[in-house]
Every structure is written in C-alpha cells, then in structure tokens.
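Quick caveat: nothing in here was measured; it's all calculated off a predicted structure. Lettering of chains follows the sequences in order, A, B, ..., and the numbering in each one begins at 1.
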Protein chains: 2
Amino acid sequence: MNAWDDYRIILALERSGSVRGAAQALSVNHATVSRRLAALNRRLDAAVFERIEGRYRATAQGKPLVAGALRMEEAAYAAEREMAGLDQSMSGRLTLSLPDVVAKCLLMEDLGRFCHEHPDIELVLHTSHSFADLDRREADLVLRISNHPPDHLVGRRLFKYARSCYCAPHYLANTAFARLRWLGWPDDADRPEWVQETVFPDVPVGMRIEDPMVRHAAALAGHGLIFDACFVADRAAGLVRVPGALPILDRDIWVLTHPDMKAAPKVAVLFRFLVEAISLKRGLIEGRPATA
Amino acid sequence: MNAWDDYRIILALERSGSVRGAAQALSVNHATVSRRLAALNRRLDAAVFERIEGRYRATAQGKPLVAGALRMEEAAYAAEREMAGLDQSMSGRLTLSLPDVVAKCLLMEDLGRFCHEHPDIELVLHTSHSFADLDRREADLVLRISNHPPDHLVGRRLFKYARSCYCAPHYLANTAFARLRWLGWPDDADRPEWVQETVFPDVPVGMRIEDPMVRHAAALAGHGLIFDACFVADRAAGLVRVPGALPILDRDIWVLTHPDMKAAPKVAVLFRFLVEAISLKRGLIEGRPATA
DNA sequence: ATTCATTGGTGCGTACTTACACCAATGCTT
DNA sequence: AAGCATTGGTGTAAGTACGCACCAATGAAT
C-alpha cells in the first residue's frame, strides 16, 4: 500500500546522497529511510542505489525510478497548487514570503491590520533569506526585491526602493575623515562598487556584517557609515542621513503569485492589500522627505 | 510521510466511485480507505469527494488532485517499466499473458520446456480473458489473437490461425439432418455469420456455451457440431473433422511486448522462444494435415 | 597519528495504522 | 411493501512501522 511513498524516499536519497540527509528532508528518522530502502530493494529484487565514494547514487536500474519520482513530484505539486487556486474560502492558512527587513520595518502595522480585517485567515510570514518556491507551495505570495523579472510568476512590479547613506548623529563630526569607515557585507572588497555611487566613494569598508539588523545596530553604535534602505533608516531613531546624500534607486519591488493561485479570493485580497499598502508608502520607500 | 499514497486512494475512489470498491482495488479494508479519506480531508481542510446519487465524485477542488494522481500513476508505471527493461538478469519473475486455450492446447509442452531450460526464471502465465495491459505491467509479454494491429506495442505478427467444423465420430451418421445443431456462443443469433462460412450454413445453433472447454466437451458428448480451432480439435481424441470442411483462416497471432521492455534479455529470450515454438506448429495451427 | 564528526545498520519499546467485526442507512428487487 | 444486498462509519484488538537508542565503520581535521 505504501508504494508511491517509496518514490519520495528515492527522490530524497537522490538529492541528498545520504540516508540521514534524505530522512531529514522527509522529516523522519534515518532508520526509517534505511529500512524502507532495504524493503524496496527486496521488493524490486534489484538495487536502486549504490554507495560510491560515500555517496548514494542511483544505479542504472534506479535511474528510471528517480526520473519517475521527479515527474510524480511535479504532478503532485501542480495538483496541490491547482487545488489551492480553487479554494473559494476566506479562511485558513495563507503564506506570504518576504524579506525580513520589509516585514519588520515597512509592513508590520499593515500586516497586523490585515489579520485584524480577516480574522479567519491564518497569515503565515515566511522570511527565509532564500526566495520561496511558489511552484512547491512554499508560499502563496511573495514580495520579492529584484531587478530580474520573475520566471513564470504573475503579479505586479511596483517601483524601485531607495537606499542612501546614514550614520549616528555625531559620527561625522567626531571622526577624522581618514578614519571614516563603511559598514559592509562579508564578501565586499575594500572599495566595492556600491561605495562608488555614494558621497564617500573613497572611504574604505571597515566592519563587514551579514545581518542587516546587526549592521544597522553597528551604525547606531557609531561604528561607521551604513548604506541602508531609506524606509528603514529614515524611520529609525538614532540615525541621520549623511548631508548631501541622495536616495539611490536600486531594485524593483514585486508582488507576485503563481498563476494557478491568482484567482483564489484569499490570495487576491492579500495581493491587493499589499499593493495598496506599499503604494501608500511610496515616498518613504523612494527616500523622499515625508513633508514634500 | 504517507502523502503520495493518498493519491492512490484518490485515484481508486474516482475510478470505483465507492469506498469499498476503492479498497478492493487497493487490496485493503474499506475502513482504511474511509479513515484515510477523512484524514486527507482534514489535512487539506477541504472535501476532495462528495457523495452524489450514491456515488463518490471529486469536488471542484478535488478534480485537480485526481488529474495529478493520474499523471503520477502514469509516471510510476513508466518508471517501473523502464526499470524492468534494464534488468539484465535471467532470473526472477516473467509474466506471459495468453488465451487459456492456447496455453492449454497449443503451448503447454513448450512452456514447460522453457521453464526447464531457464530454471531461475519464474514464469507466470496470465490467462485472464481480458487483454493484459502491458503499460501497467500486468504482463511482460502477450500472445494476442486479433486482427487489429496493437496500439503501441512491439513484436511480430506470425500468421492466421484456422478454425474448422468438428463433431463426435458418429454424430453425423446418427443424427437426422433436420436435427443437426451447432454449438454456439451465448450471444449468437439462430444463424450467426460464422455459420454461413461453414459446410452447414443452414443448420441452426442449438446449445449456446460460453466456455471453449465446455463447448468442446459438449461436442465430445455428441451434442452438436462445433466450430473450433484446428490446433485444439485436430489433436483432440474423440472429435473428427466434418468431411469436406476446410480450415478457415481467422485472426492473426501476435507475440508482443512493450517497447520499454523489449531489450531485457529475459523478455527477449521468451519472445524468440514463443515465435519459434509457434512457427514450428504452423501446419497444425493453419489446419493443414500433419502428413502434408 | 589521533581525535572527532558523520555515516549507515540494528535491537527494542511505543505508537500508530490496519483488519475484523458489527452497525445504521440506502437502493434495488420481488 | 417487504426483504435483501450493498453502502459507509465506528469500536476493538492485532500487527506493523516508527523513533530512540547504541553500534561499528569511514573520512576529515588537528
């Protein structure tokens, strides 16, 4: 009876190359994968995988099973997507994938209001750093910041968001020009490209911090200049824009969903909500003074 | 973990329209199907099936799942076929589907010899009346008697098999012409088409018997004329060909396999064996006297 | 060379799923 | 209209599969 689930094990083994990795992907114990693979080999009277250089690889006979499992997975994901797209209810789970900074510093109040307006919808925020895969139903909608048009997703490109140069209020006055430093990213060069576009193209990178929030905190503590999103820094107490620094329009803001799910009322209502909420904050996002 | 197996339940429910029918198709208890369907609905937070006029039908939301399950099934069958086609061994299970009469009266000794020559091959004879579906791996090879070319199977058309008119030795001498009767099929008319081609086109059908072996026994018992395969009746003690009755060539004999499995040595060797064994009996099958 | 981490396999107790009942409800046949 | 067959649902006991251990083996890092 558990014949088709074996294909999931085959797929997980092929992808991870180890019994323990496959078990993790399937959220089961590695003993389960080990035993079920053994049972599968016994049932098929042939080895599906062989261990080569410490890695599980499909045998010649196993390869068709892997290919079949891939097609089954595709069919299963498509089926679940299409089913979700036909859901006419305004209740249940609804997942939005978006950059954590956007969630925290730009849309937190709006998302709270959305939950209040739709109390039966269980909104789930997915703020993993990697983009959610809507094909695999990791999310119903994504708010993506990118200059590349999305593969096959549908939705709207809104406008570009702006970044500019910020620092703690007295950092510039208290620091000799030669000791000025940028707060950069771990893989930045001494004078990366983005520095060239700022008002301090000759200041080198000092501390390199991956996490945006930590980089932000470092700037607050007066440890350097930060090139940060205006919607974050302009509203942050304890940071001022460097005099003369203009907002630099960077990547586009996209609100996207999968074509299969566009028609679902739940998805559509959050889509419109996000577009409106973001559009209302266009001035802030593009780094224009709120008084203008 | 048993996520993909639910698609098997969906498919079985869609096809049979009842919980008990689906359970039978899956070889499980109907309570299992009932509970797993309930669990699935709970997990998806939506009904996949609804009962309309006493029959389970997929709901609007369920239809994509059924479509997905169909594609998954197709992928699973294709994967297993391709894997079986790569099997290089000369051992293990090998299934041949063929008409029971052919197995019993024509190839029984040959098939026994095949098993003797290949002791590690577990030959399985599949003599269901309906054609085995090679796509679904119900058999590795089929011996089919038909005038229609096979859909997408590959193999060889050999030659037509012959039928002629037989009866018990003294049936004709002991029966008045007006009381002669054909032994026919249940759905035969009084004077069906096939009677017209015989030497007794004006003799009506008497007893109507579905099973070929039983019809054969009825002829042996002197209950009528029988229009039977020459390879059956010519070798049967107790039946004689009606004087003047010629063999009538009927449908073609095909030996077929699935393209995916043609290359497997096990399949190829049985294929060649069958072609040779049948060809050696061409005279018998075409109803020509053995002395010619 | 030694230590350490990671791998896959196996015994064991538990928890879950299943089959076997029996049940009420519905539809078909007589 | 009444009897019968078939349907889907549920309680219970048995069987199976699972997770948690612990194990030896292998490879990586110091």
Atom [atom1] of [X] and atom [atom2] of [N]: how far apart are they, to the nearest Å?
X     : N      : atom1 : atom2 : answer
B:L40 : D:dG8  : CG    : P     : 16 Å
B:R42 : D:dG9  : CZ    : C1'   : 13 Å
A:I9  : D:dA17 : CD1   : C1'   : 11 Å
B:L37 : D:dG9  : CG    : P     : 8 Å
A:E53 : C:dT7  : CD    : C1'   : 15 Å
A:Q24 : D:dC20 : CD    : P     : 13 Å
A:R36 : C:dT17 : CZ    : P     : 13 Å
A:R43 : D:dA17 : CZ    : C1'   : 15 Å

State whether A:E73 and A:R15 are salt-bridged, where the test is any N-O pair (Lys NZ or Arg NE/NH1/NH2 against Asp/Glu carboxylate O) under 4.0 Å.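 A salt bridge links A:E73 with A:R15.
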Please tell me whether B:W194 and B:F227 form a close aromatic pair, meaning their ring centres lie under 6.0 Å apart.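 Ring centroids of B:W194 and B:F227 are less than 6.0 Å from each other.
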What are the two closest heavy atoms between A:P64 and B:E82, and how far apart are they?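 Looks like CB-CB, 3.6 Å.
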Nearest heavy-atom pair of A:M261 and A:D140: which atoms, and what distance? SD-OD1, 3.5 Å
Looking at A:F49, is A:R57 sitting on its ring face, NZ or CZ under 6.0 Å from the six-membered ring centre and within 45 degrees of the normal? no
Could you pick out which residue, A:G54 or B:H30, lies toward the 5' side of DNA chain D when each is mapped onto its nearest nucleotide? B:H30
Taking C:dA19, D:dC20, D:dG8 as options, the one with an atom nearest any side-chain atom of B:N29 is C:dA19
Tell me what A:R51 touches on the nucleic acid: a base, only sugar-phosphate, or nothing, going by heavy atoms under 4.0 Å. sugar-phosphate
Heavy atoms only, 4.0 Å cut-off, all strands: where does B:Y56 land among base, sugar-phosphate and nothing?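 Sugar-phosphate contact only - B:Y56 comes under 4.0 Å of backbone atoms but never of a base.
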Of B:R35 and B:R20, whose closest DNA chain C nucleotide lies nearer the 5' terminus? B:R35
Does a nitrogen or oxygen in the side chain of A:S34 sit under 4.0 Å from OP1 or OP2 of C:dG8? no
